Amino acid sequence: MNRIKLYCTYSREKMKFKPIGNGQVKMYVCGPTVYDFAHIGNARPVVVFDLFYRMFLQSYGEANVTYVRNFTDVDDKINERAKKLGIKIGELTNSTIEEYLFDMDSLGALRPNFMPRATNYIEHMIEMIKKLIGSNNAYPDNGGHVMFSVKTFQDYGQLSRRTIEEMKAGARVEVAQNKRDPMDFVLWKPSTENQPGWESPWGRGRPGWHIECSAMSKELLGDSFDIHGGGIDLAFPHHENELAQSLCAYPGKNFAKYWLHNGMLTVEGHKMSKSLGNFVTVRELLEDGISGDAIRLALISSHYRQPLDWTKKRLNECGETIKRWKELTLGKKEIEIQSNKVLEAIYDDLNTPKAISEMHHLAKNGDYEGLLASLRFMGFLDTRTEEKKPEIESEVKKLVETLIERRKKAKLDKDFELSDHLRDALSDAGVIIKDLKDGVEWEFSDEFNVSKLKEI
RNA sequence: GGCGACGUGGCGGAAUGGUUACGCAGCGGAUUGCAAAUCCGUCUAUACCGGUUCGAUUCCGGUCGUCGCCUCCA
């Protein structure tokens, strides 16, 4: 159990993991703002923290791990998009959440124990803001805003390792009139009639971005928990601000003990952006027939803290690897994962490339049961994600069999011109033929085309 | 401008103060009528310049380069 080591962003070093509670592991991961389909960059932390979750489940037992991942369902981006689509905000957030969960299920990600929605915790946020005003860590202006005062928190900037002065020097933020310090951030802001809003001591309004995670983590995990995770871009300002709020609201507590951040993702060498037109959504990939397992493997093919370049080549290679492993382990006995090198690699700050390499060793050594157990542990071959390929009619199958028989006969007659023609034609129609020692095997490829087959 | 990360063979990608993964591609072989698939074998690397050291790819300093954050962002 003490074998787990994690790199903590706060301390900037790899540390032995020791949970705060006795044998209880609590983790909170910042989830998506729900206004559109999840892109591949959204999927990375989901898969990465799914593996952390599985690692803790393996090590501490199902009953002793609590995993929370929130949905941010109040945000100006949501308002804009709902307006653009001409639908209600609730409709947009509900449907986006549904699609998100479908996509993440497809990637083999287990659902967290709790998936709180920000809008269900507004009252907790208001309570926390009141508390912060009471302790002089926050102040209202006269226009319905409440600001957090960064100067009142001595350690502000510790997580992201920057000082208030440095940030001001390079800041491009507009200095709002109502802020005592340019780095002060908004806890609560007023809403117009058209914007979603809730009654509060400061008038009808809505929360700023950061307060929701502080409020929800407190409610669901308490004022001290073990893991706080998300993308590295969240370290500042989101996590820095959460940390400041929570520690000021609950002095003397830990808030989060270990801060884990995954690196960012680029697409074919470029930052993913809508203007470059290189936005890749999980749904697109799935609809292109790429398996969730292939996407999952690609997402963990480099270490989670490293940047990851999402390329077609990587995805193809991972697809081939998964396909091979699937074939090798098909119908093999299900066993519990043994204490092995795959597990060791994962316990060492989630060294997934090492774990993958060890799985290659298992495959090479013919330890297919070990490979299967490792695949399951790593979240592959999830039965929920089994591709539901459309049933191909049996008469089509018969046609293929007939053609293969004809090729076989041609081969026996040493009519290689005919047999090669049949092979090429079948291949062109999407039927892959494998001549094995003791017979012929065949399967449909993804490009299977019935009309081409019938033309043969 | 400020802060930070990184630079490993053709590509991807771990690890390490001395012996260096693993995958893909390539090459050679087995198999095959020829292929495909499969199996076996195999080549290529630690950006550059200094320093510490018996010894550095690994530690330290500098140079160059790439990327990220500082503004919504996983």
Side-chain angles (χ1 to χ4, degrees), chain A residues 9 12 29-33 35-36 38-49 69 72 75-78 80 157 160-163 165-174 183 209 229-240 261-266 269-274 297-309 311 313-321 323-325 327-328 341 345 348-349 351-364 366 410-417 419-420 423-424 426-427 432-437 440-443:
Chain A
T9 307
R12 306 279 160 127
V29 173
C30 290
T33 302
Y35 65 102
D36 208 344
H39 56 67
I40 196 69
N42 297 119
R44 190 178 191 195
V46 173
V47 169
V48 163
F49 287 100
R69 186 183 64 214
T72 299
D75 182 277
D76 290 349
K77 287 196 293 290
I78 296 171
E80 281 165 32
S160 52
R161 297 277 169 105
R162 55 186 91 192
T163 66
E165 290 311 312
E166 270 168 20
M167 286 186 272
K168 278 189 211 166
R172 294 179 227 159
V173 290
E174 283 175 51
M183 297 314 294
W209 174 30
I232 187 66
D233 56 330
L234 292 182
F236 187 88
H238 187 52
H239 288 162
E240 192 74 59
H261 291 107
N262 60 274
M264 306 302 280
L265 182 144
T266 53
H270 299 284
K271 185 174 171 169
M272 185 163 48
S273 75
K274 281 189 173 147
L297 185 61
L299 284 172
I300 61 171
S301 61
S302 80
H303 186 85
Y304 78 95
R305 282 191 277 113
Q306 295 298 120
L308 174 72
D309 191 26
T311 63
K313 183 169 182 279
R314 184 194 295 269
L315 191 54
N316 288 341
E317 279 182 22
C318 289
E320 290 297 316
T321 303
K323 198 176 148 205
R324 245 180 72 64
W325 284 347
E327 283 167 8
L328 289 175
K341 289 188 172 175
D348 184 9
D349 196 33
N351 193 336
T352 50
K354 185 97 174 279
I356 291 166
S357 152
E358 296 301 342
M359 290 200 284
H360 282 296
H361 280 300
L362 292 174
K364 196 166 190 171
K411 278 175 73 169
L412 285 173
D413 295 344
K414 301 232 188 276
D415 184 351
F416 298 124
E417 201 175 320
S419 69
D420 287 356
R423 180 221 290 154
D424 294 343
L426 280 164
S427 159
I432 300 166
I433 298 174
K434 292 178 190 171
D435 289 331
L436 303 178
K437 278 221 169 71
V440 180
E441 268 187 17
W442 64 275
E443 62 182 12

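Note that these values count all heavy atoms, side chains included, but never hydrogens, waters or copies made by symmetry. Keep in mind that this is a model prediction, so the values were computed, not measured. Residue numbers start from 1 in every chain, and the chains themselves are labelled A, B, ... in the order their sequence lines are given, proteins ahead of strands.
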Separation of the [atom1] atoms in [N] and [M], to the nearest angstrom:
| N | M | atom1 | result |
| --- | --- | --- | --- |
| B:G50 | B:C64 | C1' | 15 Å |
| B:G9 | B:C24 | C1' | 13 Å |
| B:U20 | B:U46 | P | 13 Å |
| B:G13 | B:C67 | P | 15 Å |
| B:U57 | B:G41 | C1' | 28 Å |
| B:C27 | B:C43 | P | 16 Å |
| B:A47 | B:G7 | P | 8 Å |
| B:C72 | B:A14 | C1' | 35 Å |

Could you list the protein-to-nucleotides 19-22 of chain B atom pairs, N/O on both sides, closer than 3.5 Å?
from, atom 1, to, atom 2, distance (Å)
B:C22, O4', A:Ser357, OG, 3.3

Pick base, sugar-phosphate or nothing for [X], based on heavy-atom distances below 4.0 Å to the nucleic acid.
| X | value |
| --- | --- |
| A:Gly230 | sugar-phosphate |
| A:His303 | sugar-phosphate |
| A:Leu265 | base |
| A:Ser419 | base |
| A:Arg44 | nothing |

Exercise. Nearest nucleotide by nearest heavy atom, which residue falls closer to the 5' end of RNA chain B, A:Tyr304 or A:Cys30?
Worked result: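 Mapping each residue to its closest nucleotide by heavy atoms, the 5'-most match is A:Tyr304.
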
For this session: Please determine, for the side chain of A:Asn262, which listed nucleotide (B:A74, B:C70, B:G13) has the closest atom?
Result: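 Given the options B:A74, B:C70, B:G13, the side chain of A:Asn262 is closest to B:A74.
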
Exercise. So, for A:His239 and A:Cys30, which heavy atoms are closest and what is the spacing to 0.1 Å?
Worked result: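 That would be NE2-SG, 3.3 Å.
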
Exercise. So, for A:Pro307 and A:Ser302, which heavy atoms are closest and what is the spacing to 0.1 Å?
Worked result: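 Shortest heavy-atom contact: O-OG, 3.8 Å.
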
Exercise. For atom CD of A:Glu417, is the number of surrounding heavy atoms from other residues, nucleotides or ligands below 6.0 Å larger than 12?
Worked result: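 No, not enclosed.
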
Exercise. Looking at residues at least two apart in the chain, or sitting in another chain, which of them share a side-chain hydrogen bond (donor to acceptor under 3.5 Å, both in side chains) with A:Asp309?
Worked result: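 By the side-chain hydrogen bond (donor to acceptor under 3.5 Å, both in side chains) rule, A:Asp309 matches A:Thr266.
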
For this session: Sequence neighbours left out, what passes side-chain hydrogen bond (donor to acceptor under 3.5 Å, both in side chains) with A:Arg305? Give chain and number order.
Result: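 Once residues adjacent in sequence are excluded, the partners of A:Arg305 under the side-chain hydrogen bond (donor to acceptor under 3.5 Å, both in side chains) criterion are A:Asp349.
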
If I take atom [atom1] in residue [X] and atom [atom2] in nucleotide [N], what distance separates them, rounded to the nearest angstrom?
| X | N | atom1 | atom2 | value |
| --- | --- | --- | --- | --- |
| A:Met183 | B:C70 | CE | C1' | 8 Å |
| A:Leu308 | B:C67 | CG | P | 16 Å |
| A:Asn351 | B:A15 | CG | C1' | 8 Å |
| A:Lys77 | B:U71 | NZ | P | 15 Å |
| A:Arg69 | B:A74 | CZ | P | 13 Å |
| A:Tyr35 | B:C73 | OH | P | 9 Å |
| A:Met272 | B:C69 | CE | C1' | 16 Å |
| A:Trp209 | B:U71 | CH2 | P | 12 Å |

Exercise. Angle class for the A:Trp325/A:His360 ring planes (parallel below 30°, perpendicular above 60°, tilted otherwise)?
Worked result: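 Rings of A:Trp325 and A:His360: tilted, as their planes differ by 30° to 60°.
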
Could you give the distance from [atom1] ([X]) to [atom2] ([Y]), rounded to the nearest 0.5 Å?
| X | Y | atom1 | atom2 | result |
| --- | --- | --- | --- | --- |
| A:Asn262 | A:Leu234 | CG | CG | 8.5 Å |
| A:Ile432 | A:Glu441 | CD1 | CD | 11.5 Å |
| A:Trp209 | A:Thr33 | CH2 | OG1 | 7.0 Å |
| A:Arg314 | A:Leu308 | CZ | CG | 4.5 Å |

Please tabulate the protein-to-nucleotide N/O contacts below 3.5 Å involving nucleotides 34-38 of chain B, giving atom names and distances.
from, atom 1, to, atom 2, distance (Å)
B:C34, O2, A:Arg423, NH2, 3.4
B:C34, N3, A:Arg423, NH2, 2.3
B:C34, N4, A:Arg423, NH2, 3.1
B:A35, N6, A:Asp435, OD2, 2.6
B:A35, N1, A:Asp435, OD2, 3.2
B:A35, N3, A:Arg423, NE, 3.4
B:A35, N3, A:Arg423, NH2, 3.4
B:A36, N1, A:Asp435, N, 3.4
B:A36, N1, A:Asp435, O, 3.1

Problem set entry | Close side-chain approach of A:Ser357 and A:Lys341, heavy atoms under 4.5 Å |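 SC-SC contact between A:Ser357 and A:Lys341 ruled out.
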
For this session: Decide yes or no for A:Leu299 and A:Leu265: does some side-chain heavy atom of the first lie under 4.5 Å from some side-chain heavy atom of the second?
Result: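 Sidechains of A:Leu265 and A:Leu299: in contact.
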
For this session: Kindly determine whether A:Met272 and A:His39 satisfy side-chain contact (heavy atoms from CB on, under 4.5 Å), including the steps that lead there.
Result: CA-CA 9 Å; A:Met272 185 163 48; A:His39 56 67; 3.3 Å; yes

Problem set entry | Watson-Crick or G-U stems of RNA chain B, 3 or more pairs, under 3.5 Å, by first number |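 Paired runs of 3+ in RNA chain B: B:1-7 with B:64-70, B:10-12 with B:22-24, B:26-30 with B:38-42, B:47-51 with B:59-63.
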
Problem set entry | Salt bridge flag under 4.0 Å for residues A:Glu358 and A:Lys354 |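 Result for this pair is no, no salt bridge flagged.
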
Problem set entry | Under-4.0 Å salt bridge between A:Asp435 and A:Lys411 |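 Yes, A:Asp435 and A:Lys411 are salt-bridged.
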
For this session: Output yes when a side-chain donor or acceptor of A:Ser427 lies under 3.5 Å from a complementary backbone atom of A:Arg423, and no otherwise.
Result: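 No: the side chain of A:Ser427 does not pair with the backbone of A:Arg423.
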
Close N/O contacts between protein and nucleotides 5-11 of chain B (under 3.5 Å):
from, atom 1, to, atom 2, distance (Å)
B:C11, O2', A:Lys313, NZ, 3.4

